[in-house]
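Quick note on labels: first sequence line is chain A, next is B, and so on, each numbered from 1. Computation of the quantities below employed the complete heavy-atom set of this structure, encompassing side-chain atoms and omitting hydrogens, waters and symmetry-equivalent molecules.
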Amino acid sequence: MPELPEVETVRRTLESRILGARVDRAAVRRRDVIEGPATARALLEGDEVASLRRRGKQLAILGSSGRVALVHLGMTGSLVASDAEPPADDPHVHAVWKLRTTSGAAVWMRFRDPRRFGGLWTLRSPGALEQRWKDLGPDGLDITGPDLVNALGPSKRPVKAALLDQRAVAGVGNIYADEALFLAGIHPARRCRTLRADEWARLSDALRGVLLASIQQGGTTFRDFVDGEGRGGGYQARRLVYGRGAEPCLACSGRLRSVTIGGRTTVYCPTCQPSRRSSKPVIHRPFTVGGELGVVIRPDLGLPRVNEVAGSLTHR
DNA sequence: AACACCGCCTGAGCGC
DNA sequence: TGCGCTCAGGCGGTGT
């Protein structure tokens with residue numbers, strides 16, 4: 001499920017392969033996944049790949065002419081570069097590029113998306129890209145407590161539902177919303193307006209931390225996700241709550257609960273994430289020690305420690 | 001204006 | 001073995 005860490009992983013793996021490469025051919029196999037002109041030229045044929053940029057879950061490939069191919073992977077989308085041409089009979093490959101790298105090697109890149117929740121946009125210029133991105137909130141890797149207060153402070157929505165709003169923070173999906181709320185010790189159904197500044201700060205720390213930690217593992221592969229080289233990620237082994245409904249909490253050993261909030265499956269620990277603020281400290285909740293968050297998780301299980309997550313935060 | 005909710009789409013997983 | 005059902009969810013559109 002490509003969220004920010006997965007898309008960033010794709011961006012990095014593709015960048016190492018196709019940056020500077022010339023697009024010899026661009027071919028559309030399924031027109032209705034593309035918005036904007038679906039011509040070879042609009043899909044960067046004749047251009048060199050000038051840069052790959054990401055905002056939230058969206059990945060932009062900028063060409064030397066200024067044209068932009070913008071990709072959203074949706075639920076099941078993948079963008080993979082390889083030495084081989086993708087099979088012509090794969091009904092889920094919607095666009096194919098043939099590139100030549102600076103060293104002269106041929107590389108095939110294909111956009112594949114069985115469920116077609118994703119898509120491809122062709123844009124004329126970097127300015128058009130900025131225009132498309134202007135409605136997105138700050139990128140999840142940059143999010144701060146004040147950003148969240150600013151976007152969501154007065155909202156009556158459950159905080160879990162609000163975190164999925166890309167106008168508030170770009171790049172967070174169901175997996176990392178649940179993970180971050182657990183790390184921050186915040187109940188997912190709490191209304192935004194009941195959160196205090198210190199809780200928003202803790203939540204923004206948890207979000208940046210979990211997103212960064214996942215990027216370091218190459219993202220989360222639950223079913224479909226693969227990076228730009230076709231490899232799966234490793235963060236699924238470090239999940240704390242997502243997909244673990246009714247299993248024991250890794251912090252307190254209580255039973256995790258699975259509910260629906262904002263139409264999304266939501267897993268949380270009723271003990272570690274109390275539904276109202278309590279003056280009683282929860283011992284395994286993230287806490288600050290010498291400027292770093294404390295350890296929450298049982299290291300014997302090989303799962304992430306919050307201070308490991310925070311380690312990557314402190315040098316931001 | 002803010003928020004809730006539907007429908008798009010396919011494949012995996014499950015019960016029988 | 002195979003069939004049919006449910007579920008997964010990002011996001012845009014529509015309804016309240």
Participant: Tell me, which pairs form a ring-ring contact (aromatic ring centres under 6.0 Å, His included) where one or both residues lie in residues 118-162 of chain A, sequence neighbours left out?
Facilitator: none
Participant: Within the structure provided, determine whether A:Ile34 and A:Leu43 are in side-chain contact (heavy-atom separation under 4.5 Å).
Facilitator: yes
Participant: Can you name the side-chain contact (heavy atoms from CB on, under 4.5 Å) partners of A:Ser82, sequence neighbours left out?
Facilitator: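 Per chain and number, A:Ser82 pairs via side-chain contact (heavy atoms from CB on, under 4.5 Å) with A:Ala84.
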Participant: Run the salt bridge (charged side-chain N to carboxylate O under 4.0 Å, His left out) check on A:Arg54 and A:Glu15 step by step: do they pass?
Facilitator: CA-CA 11 Å; A:Arg54 181 193 58 75; A:Glu15 187 175 66; over 6 Å; no
Participant: Sort out for me which residue in A:Gln166, A:Glu8, A:Glu6 forms a side chain to side chain contact (heavy atoms under 4.5 Å, CB included) with A:Lys57.
Facilitator: A:Gln166
Participant: So which residues get pulled into A:Val259's cluster when ILVMFWY side chains under 4.5 Å apart are joined, directly or through others?
Facilitator: A:Ile261, A:Tyr268
Participant: Is there any protein nitrogen or oxygen under 3.5 Å from a nitrogen or oxygen in nucleotides 6-9 of chain C, and what are the pairs?
Facilitator:
unit_1	atom_1	unit_2	atom_2	d
C:dA8	OP1	A:Thr265	OG1	3.1
C:dA8	N1	A:Arg115	NH2	3.2
C:dA8	N3	A:Arg115	NH1	3.2
C:dA8	N3	A:Arg115	NH2	2.9
C:dG9	OP1	A:Asn174	ND2	3.2
C:dG9	OP1	A:Tyr242	OH	2.6
C:dG9	OP2	A:Thr265	OG1	3.3
C:dG9	N1	A:Arg115	NH2	2.7
C:dG9	N2	A:Arg115	NE	2.9
C:dG9	N2	A:Arg115	NH2	2.5
C:dG9	N3	A:Arg115	NH2	3.2

Participant: Look at all strands and tell whether A:Thr76 reaches a base, only sugar-phosphate, or nothing, counting heavy atoms closer than 4.0 Å.
Facilitator: nothing
Participant: Okay, side chain of A:Gln217, backbone of A:Ser214: is any donor-acceptor separation there less than 3.5 Å?
Facilitator: no
Participant: So how far off straight is the helix from B:dA2-C:dT16 to B:dC16-C:dG2, going by the axes through five pairs at either end, to 10°?
Facilitator: 50°
Participant: Less than 3.5 Å apart, any donor N or O on the side chain of A:Ser258 or A:Arg244 sitting next to an acceptor on the other?
Facilitator: no
Participant: Flag the pair A:Arg110 and A:Asp90 as a salt bridge only when some basic side-chain nitrogen lies within less than 4.0 angstrom of an acidic carboxylate oxygen.
Facilitator: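 Looking at A:Arg110 and A:Asp90, the cut-off is not met.
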Participant: Round to the nearest Å and state the distance from A:Phe225 atom CZ to C:dG10 atom C1'.
Facilitator: 16 Å
Participant: Look only at the side chain of A:Thr122 and the backbone of A:Leu120, and say whether a donor-acceptor pair between them is shorter than 3.5 Å.
Facilitator: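 Checked: no pair found.
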Participant: Give the first and the last nucleotide of DNA chain B, reading 5' to 3', that has any atom under 4.0 Å from a heavy atom of chain A.
Facilitator: B:dC3 to B:dA12
Participant: What integer distance in Å separates A:Arg55:CZ from C:dG10:C1'?
Facilitator: 18 Å
Participant: Return the 5'-most residue of the pair A:Ser155, A:Arg30 with respect to DNA chain B, ranking by each residue's nearest nucleotide.
Facilitator: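 Looking at DNA chain B, the more 5' nearest nucleotide goes with A:Ser155.
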Participant: Quick one: A:Leu163 CG to C:dC11 P, roughly how many Å, whole number?
Facilitator: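 After rounding, the reported distance stands at 14 Å.
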Participant: Give a yes-or-no answer on whether the side chains of A:Ser65 and A:Arg67 include a donor-acceptor pair shorter than 3.5 Å.
Facilitator: yes
